[in-house]
Enquirer: 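There's a structure below that I have some questions on.
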Amino acid sequence: FLWKHNAVVRKEVGFSFNSHDLRRTASTYLALLGVRAEIREAVLNHRKPGLRGVYNLNEYDWEKREALELWTDASAVAIGKHGRQLTETA
């Protein structure tokens with residue numbers, strides 16, 4: 001979906017941007033926030049490698065929720081300190 005709007009997003013943010021950048025940024029910052037690798041991979045919807053993918057059928061729903069709440073909180077703090085608030089109206 002987002003790839004259809006890359007030109008608009010690039011113009012808005014002022015630099016070259018694509019939707020994969022969101023995945024890379026989320027993975028990097030989740031790692032910095034201490035989220036385990038297998039949970040980051042689950043958040044990104046990557047398949048489990050090797051035998052883990054065969055035997056471990058856990059979808060990590062609870063852990064993904066916690067990781068995304070952590071990411072949300074950290075993002076809100078960063079936006080509050082360094083940018084416009086998401087609640088602003090035009």
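Just so it is clear, the structure is predicted and the values come from calculations on it, not from any experiment.
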Enquirer: For N56, what residues pass the side chain to side chain donor-acceptor pair (under 3.5 Å) criterion, not counting sequence neighbours?
Expert: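 Only Y60 meet the side chain to side chain donor-acceptor pair (under 3.5 Å) criterion with N56.
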Enquirer: Just distance, no hydrogens or angles: give the donor-acceptor pairs under 3.5 Å from side chains in residues 24-32, sequence neighbours left out.
Expert:
unit_1: R24; atom_1: NH2; unit_2: D21; atom_2: OD1; d: 2.5
unit_1: T25; atom_1: OG1; unit_2: D21; atom_2: O; d: 2.8
unit_1: T28; atom_1: OG1; unit_2: R24; atom_2: O; d: 2.8

Enquirer: What are the two closest non-hydrogen atoms of E63 and I39, and how far apart are they?
Expert: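 In this case the closest contact between E63 and I39 is CB-CD1, 3.5 Å.
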Enquirer: For residues 65-74, which residue pairs pass the salt bridge (charged side-chain N to carboxylate O under 4.0 Å, His left out) check, not counting sequence neighbours?
Expert: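 Only R65-E69 qualify under salt bridge (charged side-chain N to carboxylate O under 4.0 Å, His left out).
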Enquirer: Check for me, please, whether L33 and V43 land in the same ILVMFWY cluster - side-chain distances under 4.5 Å, paths through other members count.
Expert: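 Hydrophobic grouping puts L33 with V43.
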Enquirer: Test: side-chain hydrogen bond (donor to acceptor under 3.5 Å, both in side chains). Region: residues 31-45. Which pairs qualify, not counting sequence neighbours?
Expert: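 Listed by first then second residue: R36-E38, E41-H46.
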Enquirer: Applying salt bridge (charged side-chain N to carboxylate O under 4.0 Å, His left out), name anything that partners E59, two or more places apart in sequence or on another chain.
Expert: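 If we apply the salt bridge (charged side-chain N to carboxylate O under 4.0 Å, His left out) test to E59, skipping adjacent residues, there are no hits.
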